[in-house]
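First comes the structure, then the notes that go with it.
Heads up: numbering here begins at 1 and tracks the sequence. Whatever order the structure lists them in is the order used to number ligands and atoms, beginning at 1.
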Amino acid sequence: MKALLTGITGFAGSHMTEFLLAKNVEVIGTVRQRSRMDHIRHLLKDIHLYDCELRDSFSVRTLIERVKPDLIFHLAAQSFVPTSWNSPIDTIQNNINCQLNIFEAVRRCGIDCKIQIACSSEVYGRLEPHEIPIKETNPLRPLSPYAVSKVAQDYLGYQYHQSYGLNVIRTRAFNHSGPRRGEHFVTSNFAKQIAQIEKGKQPPVVSVGNLQAQRDFTDVRDVVRAYWLVLEKGEPGECYNIASGTSWSIKEMLDKLLALSTVEIEIKEDPARLRPSDVEIWLGDYSKLHAQTGWRPEIPFDQTLSDLLNYWRERV
Ligand SMILES: C[C@H]1O[C@H](OP(=O)(O)OP(=O)(O)OC[C@H]2O[C@@H](n3cnc4c(=O)[nH]c(N)nc43)[C@H](O)[C@@H]2O)[C@@H](O)[C@@H](O)C1=O
């Protein structure tokens with residue numbers, strides 16, 4: 001079996017690759033000139049990489065024709081919410097166009113393959129208290145340009161299934177973390193700062209943004225297992241939440257990280273880290289995914305944070 005991964009050099013992509021290789025699936029990934037290989041260097045001898053600019057329809061079609069994948073995991077995206085405030089057009093164009101190029105290539109080449117698209121809990125945006133925990137049937141009220149790009153990706157997945165019968169499954173992952181998480185995302189950012197403080201490379205102050213927000217964190221290794229399971233057992237055209245079913249405030253998450261360290265550390269709010277609007281609370285209901293595939297989260301959040309902090313301790 002052949003799996004094509006977009007975003008293979010990224011956080012989820014590298015974990016997805018490890019998961020697929022352990023299942024003896026042939027892994028093919030797309031890279032660009034500027035892709036950094038740090039996360040997949042240890043896997044290079046076991047995978048095939050193709051130069052492909054996902055924004056370029058010709059490049060994508062050539063790749064799909066050549067590879068003829070059985071499975072596609074579409075993980076590549078501009079995924080950092082604050083970047084989407086600074087360059088909304090770039091985020092929207094990138095996230096929508098890349099996916100459209102994949103859909104059109106699969107459709108026009110007539111390839112029979114299953115496609116997982118990495119949508120997001122960001123599509124839900126603003127919530128009413130009675131809507132928590134969030135089900136897939138909830139109205140979508142996106143609160144950032146990134147969230148709007150994910151709504152478009154999500155609905156295009158639905159539409160291409162309805163219109164052309166493409167075998168697309170939409171996953172709405174809530175926040176996820178673990179080793180290799182990009183350093184701008186909150187868990188990784190705080191863990192890296194703490195690791196730097198422990199080594200005396202930063203004064204003993206952690207800079208933070210909005211600590212009141214509540215997030216539902218799942219370990220990335222559980223998330224990629226869900227990506228696999230939806231293609232194995234999911235219903236084409238459907239969407240599935242991937243969540244832990246537990247919510248932590250960002251302050252609680254920071255306290256957990258601080259408790260893993262022996263150093264005295266102060267907390268300081270940095271106004272530059274606040275956003276024009278921030279989703280207040282996320283708590284996902286993953287019962288649909290569980291009923292369809294048997295998936296449930298296995299790695300406790302404390303383990304995720306400890307692995308992440310140790311990851312940074314080895315790198316700073
Ligand atoms: C599901 C969704 O999940 C992620 O989006 P995100 O929730 O924006 O992730 P984050 O780690 O940037 O922020 C989480 C929360 O933490 C607050 N926060 C406080 N202080 C800092 C801080 O210092 N840095 C950051 N980054 N956030 C901070 C921040 O205001 C927010 O409330 C992406 O994977 C996205 O691709 C996705 O799809």
Write out all pairs satisfying ring pair (Phe, Tyr, Trp, His ring centres under 6.0 Å) with one or both partners inside residues 141-161, taking only residues at least two apart or from two chains. Phe103-Tyr160, Tyr160-Tyr164
Which residue pairs pass the ring pair (Phe, Tyr, Trp, His ring centres under 6.0 Å) test with at least one member in residues 192-219, sequence neighbours excluded? Phe217-Phe301
Please list all pairs passing the ring pair (Phe, Tyr, Trp, His ring centres under 6.0 Å) test where one or both residues lie in residues 23-61, with sequence neighbours left out. none
Using a 3.5 Å cut-off on N/O to N/O, what pairs does ligand 1 make with the protein? A line per pair would be great.
residue	atom	partner	partner atom	Å
ligand 1	3 (O)	Asn175	ND2	3.3
ligand 1	7 (O)	Asn175	ND2	3.0
ligand 1	7 (O)	Arg215	NE	3.0
ligand 1	8 (O)	Arg275	NH1	2.6
ligand 1	11 (O)	Val186	N	2.7
ligand 1	12 (O)	Arg275	NH2	2.8
ligand 1	13 (O)	Arg275	NH2	3.4
ligand 1	20 (N)	Gly209	N	2.8
ligand 1	23 (O)	Arg273	NH1	2.7
ligand 1	26 (N)	His184	O	2.8
ligand 1	30 (O)	Asp278	OD2	2.6
ligand 1	32 (O)	Arg215	NH2	3.0
ligand 1	32 (O)	Asp278	OD1	3.1
ligand 1	32 (O)	Asp278	OD2	2.7
ligand 1	34 (O)	Arg181	NH2	2.8
ligand 1	36 (O)	Ser79	O	2.6
ligand 1	36 (O)	Tyr146	OH	2.8
ligand 1	38 (O)	Ser120	OG	2.6
ligand 1	38 (O)	Tyr146	OH	2.8

Under-4.0 Å salt bridge between Arg172 and Glu122: no
Working for side chain to side chain contact (heavy atoms under 4.5 Å, CB included), residues Gln116 and Ile72: CA-CA 6 Å; Gln116 172 265 345; Ile72 298 179; over 6 Å; no
Between Asn95 and Gln99, do the side chains contain an N or O donor and an N or O acceptor separated by less than 3.5 Å? no
